[in-house]
Number of protein chains: 2
Amino acid sequence: MVNDPFKALAHPIRRGIVEHLAAGPATVGEATAGFGVSKPAISKHLRVLEETGVVTRTVEGRTHLLALDTEVLGEAAEWMEQQRRRWTRLFDVVDDYLKEQK
Amino acid sequence: MVNDPFKALAHPIRRGIVEHLAAGPATVGEATAGFGVSKPAISKHLRVLEETGVVTRTVEGRTHLLALDTEVLGEAAEWMEQQRRRWTRLFDVVDDYLKEQK
DNA sequence: GCTATTGTTAACCGAATGGTTAATGATCCG
DNA sequence: CGGATCATTAACCATTCGGTTAACAATAGC
C-alpha cells in the first residue's frame, strides 16, 4: 500500500491523469490517452492514485469511471503552503530587521 | 538530476527536513537530527532537495547552512490547489443541478 | 454464439532509490 | 602539528519502480 499523496504525484503520468480528471470524471481510456505507455502501465499508475485516495473508481459495465477526490489533494497542498508561509514569515522578520539597521 | 519538486517531497525524511527548515535556516546536523539514518543517507536526501531548488546551501567553514527556498514549494502547492479547485467547481455545478431537480 | 472492446492480472526485466560501511576533505582548536 | 568535528564521496547491496508482453475477465453488439 502506498497511501502517500506526494509519492502518488511524484510521477508525471500520474499528474497528467490528475490534470485530466480535474476537468471532470472520465473513463480509464479517456483519462489516460496519449501518454505513450501500455495499458498495464496505466493500470499500475491508477492503482497508486487510488490507494492514496486521490482518485476514486466506479465500475460501470466494462468501463471504469474515474474521478478526483480532492480531499487528499487539498491536505497535501495545505502542508506545502504551511511550510512555505512559516519560512516566508521568518524571512520577512529578518528582512525588516536588516532594513532597520540602515 | 531530479528537478521535480513532487519527487523531492515524495520521501518522508525529505519532508521532515523541509519542516525543520520552515522554522528557519539550520546546519546539516541540526536540520537532520533524529531521522535514524546514517550521514551519507542524509547527504543524498539533501542533494535531491537542492537539485529541485527547494533547499539552498551556504558553506560556512566546515558547517553547511541550509535554508528553504520557497518559490518552488509555492509553485507546486499552487499546481495542486489549481487542480483541486477546477474539480471542486465542477462538482458544485453538478451538485446545484441535482438540487434543482428535486 | 462469436468477436470486438475495455481494462486487469501475472510474470518478468532493467534502472533508479535508499540504505549501508569505509575512506576522504576540510576546518577548527589545543 | 595532531586530533576532533562536520560533512561528503565511493563502492556496494537489497528493494522498489516503471515498463514490457502474454494471458485473462467481463461486458457489448452483431
Side-chain angles (χ1 to χ4, degrees), chain A residues 1-21 23-69 72 76, chain B residues 1-21 23-69 72 76:
Chain A
M1 251 264 285
V2 173
N3 135 306
D4 183 340
F6 289 100
K7 207 163 181 177
L9 296 173
H11 196 285
I13 287 187
R14 274 171 338 234
R15 285 203 296 279
I17 294 170
V18 168
E19 278 178 3
H20 187 107
L21 291 178
T27 66
V28 172
E30 289 163 0
T32 68
F35 287 122
V37 293
S38 65
K39 286 196 280 187
I42 292 292
S43 267
K44 290 183 186 180
H45 285 306
L46 288 176
R47 195 151 63 88
V48 173
L49 288 170
E50 266 191 286
E51 279 172 349
T52 68
V54 174
V55 162
T56 57
R57 178 197 307 251
T58 326
V59 179
E60 297 201 349
R62 66 182 163 177
T63 70
H64 298 199
L65 229 270
L66 305 173
L68 269 194
D69 185 348
V72 173
Chain B
M1 249 262 284
V2 173
N3 134 307
D4 183 341
F6 290 101
K7 207 164 180 178
L9 295 174
H11 196 286
I13 286 187
R14 271 163 352 224
R15 285 202 297 278
I17 294 171
V18 168
E19 278 179 3
H20 187 108
L21 291 178
T27 66
V28 172
E30 291 163 358
T32 68
F35 287 122
V37 292
S38 65
K39 284 198 280 188
I42 291 292
S43 269
K44 291 183 186 179
H45 285 305
L46 288 177
R47 195 153 60 87
V48 172
L49 287 170
E50 266 192 288
E51 280 172 350
T52 69
V54 174
V55 161
T56 57
R57 178 197 308 251
T58 326
V59 179
E60 296 201 350
R62 67 182 161 175
T63 70
H64 298 200
L65 228 271
L66 306 174
L68 269 194
D69 185 348
V72 174

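Naming convention: chains lettered A, B, ... in sequence-line order (proteins, then strands); numbering from 1 in each chain.
When the P atom of D/dT16 is taken as reference, atom CG of A/D4 falls 15 Å away, rounded to whole Å. Atom NE2 in B/H64 sits about 12 Å away from atom C1' in D/dT5, given to the nearest Å. Distance CZ (A/F35) to P (D/dT20): 14 Å, rounded to an integer number of Å. Atom P of nucleotide C/dA4 and atom NZ of A/K39 are separated by 14 Å, given to the nearest angstrom. In this structure, B/E30 atom CD and D/dC6 atom C1' are separated by 11 Å, rounded to whole Å. Taking atom CZ on A/R62 and atom P on C/dT3, their separation rounds to 16 Å, with Å as the unit. We find that CG of B/N3 is positioned 15 Å from P of C/dA16, with the value rounded to whole Å. Computed from coordinates, the A/H45 NE2 to D/dC17 P distance equals 12 Å when rounded to whole Å.
Of the candidates D/dG18, C/dG18, C/dT9, C/dG18 carries the atom nearest the B/R14 side chain, counting heavy atoms from C-beta on. The side chain of A/H11 lies closest to D/dG18, out of D/dA11, D/dT20, D/dG18.
A/I13 contributes atom CD1, which lies 5.5 Å from atom CD1 of A/I42 (distance to the nearest 0.5 angstrom). In this structure, the separation between NZ on A/K7 and CZ on A/R14 is 9.0 Å, given to the nearest 0.5 Å.
Taking only side-chain nitrogens and oxygens, B/S38 comes nearer than 4.0 Å to OP1 or OP2 of C/dT20. Within the 4.0 Å cut-off from OP1 or OP2 of D/dA7, not a single side-chain nitrogen or oxygen of B/S43 is found.
Side chain of B/R57 to backbone of B/R47: no donor-acceptor contact under 3.5 angstrom is found.
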- prompt: Can you check side-chain contact (heavy atoms from CB on, under 4.5 Å) on B/N3 and B/E51, steps first, answer last?
  reply: CA-CA 6 Å; B/N3 134 307; B/E51 280 172 350; 5.8 Å; no
message: Under the criterion side-chain contact (heavy atoms from CB on, under 4.5 Å), I'd like the reasoning laid out for A/T56 against A/L66: C-alpha separation, chi angles, the key distance, then a yes or no.
response: CA-CA 6 Å; A/T56 57; A/L66 305 173; over 6 Å; no
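Each of A/A10 and B/I42 has a nearest nucleotide on DNA chain D; the 5'-most of these lies closest to B/I42. Judged by closest nucleotide on DNA chain D, B/R57 is the one of A/K44 and B/R57 placed further toward the 5' end.
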